[in-house]
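Computed from a prediction, not measured in an experiment: that's the story for all the values here. As a basis for the values below, the full set of heavy atoms in this structure was taken, side chains included, without hydrogen atoms, waters or symmetry mates.
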Amino acid sequence: MTFHRSVFQSVLALAAAALLAGTSAGNAQQQDKNRALKKYESGTKEFWTHPPDDWFLGDETEAQKGLAPPSGPPTGASDAELANIIKKIKLPAGFKIEVYASGVLAARQMAWGDKGTLFVGSFGLGNVYAIKDSGGKKEVKTILKGLNMPTGLAVKDGALYVIAVDKLIRYDDIENKLDNPGDGKVVYDDMPSYAAHGWKYIAVDKEGWFFLPFGPPFNIGIPPTSVSQIRRVDPKTGNAEIWALGVRNSVGGDVDPRTGKLWFTENARDWISDDLPSDKLNMINRIGEHFGYPYCHQGNLPDDKFAMGHKCSEFTPPVLNLGAHVAPLGMKFYTGDQFPPEYKNNILIAEHGSWNRHKYQGARIVRVIVGPDGKNPKREIFASGWLEGDQGYLGRPNDILLAKDGSILVADDWAGAIYRISYSKK
């Protein structure tokens, strides 16, 4: 069974039916209240390889019955809508947001080419985009189509690397071949083909190896031995090693420029409550650390069913709990010189925002101030305004990338846009 555009459609089918078919979310939940709670035997290979359309639900609870991921506008936001959106974004004094590029549908991870081309992966659509400056206007070109959830990408030695669930593909000399990148070469494929939580993100370390996350194919359960981990892969040789265990769903990470250690965001399980458990920011100190899933959540909350006698003290705690269902995705250490000096080496995290919560939170960028030892972290909101009311998304930030001039770019898969945030003393 293949998964690319179809999996995006099926993952959102329930949400589209419940939330967008001419009825409010509240009315849809009211109409749904008499049905039995949904429950899945997700610990079987049949579930992983042929998941139901609403696999992401896990086992519903009465308190959260009917909640489902909302579906964004299929054509993204228009230029006029984006102009109105950025007026609503709140930033610290001296910072400015503008639209860098529009029409980048389902935009996910971003990476720079050596010649200034911005490459962008996508969720569900199977596309990879190249964005170039054409006389001051950004030209968005779809250079790859039909890939299997190509959310993660990187550029190294002139080659574009795209990870599409179970294949890491290299496209050589990419900036000279935008019109015809070719089929690419698979450089690593020792990966499960499960669509569920199979989309990935690439973090590149100082040696040029890629950190790749492997999410479990369900909300909660004892994972197959090939997932719930982070691997470190050499794209030149295909050699790989398991670097971390007990990771639920990570779709973002970056290497600390001060230490070379990997920090990564992690989305915690759903269907406990609106306020539990917290999503996390983690740091790997040594190879083979276990971060708790599925036994322990947020560093101090044993799972009611799957703790199975394990104590949270057995596992590596998070550096910082970020809040319940904020969905932290892409993150970057700020290493530029444009922002005020106090931002140097701070972490900026794109929070995609909730679905398994009656009142959404997230849909913002948070700043984490923390030393290389991970102790005494401080968090503050850096950019907000993409969420109105209880469940009104205007956008959903999911990745951050540093530009050469020290500004940052922010990908938004809901609005299908890339924003630029800059600073000026004035």
Side-chain angles (χ1 to χ4, degrees), residues 70-73 75-110 118 120 123 131 137-138 140 251-252 265 279 281 322-323 325-334 336 338-340 342-343 346-355 357 359-369 378-403 405-426:
S71 178
T75 57
S78 68
D79 288 345
E81 289 168 330
L82 287 169
N84 287 327
I85 289 170
I86 62 173
K87 291 177 182 177
K88 299 179 180 182
I89 305 305
K90 298 177 182 178
L91 290 160
F95 287 90
K96 171 187 174 183
I97 186 169
E98 58 194 314
V99 177
Y100 181 86
S102 60
V104 194
L105 300 183
R108 279 291 179 122
Q109 187 174 9
M110 302 174 288
L118 179 67
V120 187
F123 184 91
I131 304 176
K137 184 179 180 180
K138 300 301 185 296
V140 180
V251 200
T265 56
D279 295 329
L281 173 65
L322 298 169
H325 310 296
V326 299
L329 299 186
M331 54 159 281
K332 288 293 184 297
F333 284 88
Y334 183 78
Q338 185 187 104
F339 288 11
E342 59 268 26
Y343 280 78
N346 290 177
I347 301 172
L348 298 172
I349 302 173
E351 294 185 346
H352 201 223
S354 309
W355 69 264
R357 195 174 198 274
K359 185 175 181 178
Y360 294 168
Q361 58 182 352
R364 62 193 178 192
I365 300 170
V366 296
R367 172 191 177 198
V368 177
I369 304 147
K378 297 178 181 178
R379 180 189 57 172
E380 61 184 42
I381 296 173
F382 174 71
S384 63
W386 285 282
L387 176 60
E388 291 187 323
D390 288 350
Q391 296 187 354
Y393 282 128
L394 300 176
R396 300 187 74 182
N398 64 74
D399 194 31
I400 293 169
L401 183 66
L402 182 69
D405 65 357
S407 64
I408 62 169
L409 301 185
V410 179
D412 177 348
D413 59 356
W414 182 276
I418 309 295
Y419 309 104
R420 176 177 179 265
I421 298 178
S422 57
Y423 177 80
S424 177
K425 292 180 180 180
K426 291 186 179 180

If we ignore hydrogens and angles and just use 3.5 Å, is the side chain of Asp412 paired with the main-chain N or O of Arg396 as donor and acceptor?
yes

Within a strict 4.5 Å, meaning less than it, do heavy atoms of the Thr265 and Glu351 side chains meet?
no

Heavy-atom closest contact (Asn398 atom, Gln109 atom, distance)
OD1-N, 4.4 Å

Please report the shortest heavy-atom distance between Ile400 and Ala350, naming the atom on each side.
CD1-N, 3.7 Å

Apply the test side-chain contact (heavy atoms from CB on, under 4.5 Å) to residues Arg108 and Leu329: give CA-CA distance (whole Å), side-chain angles for both, the deciding distance (0.1 Å), then the verdict.
CA-CA 10 Å; Arg108 279 291 179 122; Leu329 299 186; 3.8 Å; yes

CG of Leu409 to CZ of Arg420: how many Å apart, nearest 0.5 Å?
8.0 Å

Grab the two heavy atoms, one from Tyr334 and one from Phe339, that are nearest each other, plus how far apart they are.
OH-N, 3.0 Å

What pair of heavy atoms forms the shortest contact from Pro340 to Tyr423, and how long is it?
CG-CZ, 3.6 Å

In the structure I gave you, are the side-chain heavy atoms of Ile365 and Tyr419 within less than 4.5 Å of one another anywhere?
no

When you compare the side chain of Gln338 with that of Ser422, does any pair of heavy atoms fall below 4.5 Å?
yes

Is a side-chain donor or acceptor of Arg379 paired with a backbone partner of Val368 at a separation under 3.5 angstrom?
no

How about Arg364 and Leu387: do any of their side-chain heavy atoms sit closer than 4.5 Å?
no

Are Phe95 and Tyr343, when compared by the centres of their aromatic rings, separated by less than 6.0 Å?
yes

Can you find a pair of side-chain heavy atoms, one from Val99 and one from Lys138, that are under 4.5 Å apart?
no

Heavy-atom nearest pair, Lys96 first then Leu91, reads C-CD1, 3.8 Å

Side-chain touch Leu402/Phe333, heavy atoms, less than 4.5 angstrom:
no

Minimum side-chain heavy-atom gap Leu118-Val120 below 4.5 Å
yes

Looking at side-chain heavy atoms only, is the closest gap between Lys332 and Ile408 below 4.5 Å?
no

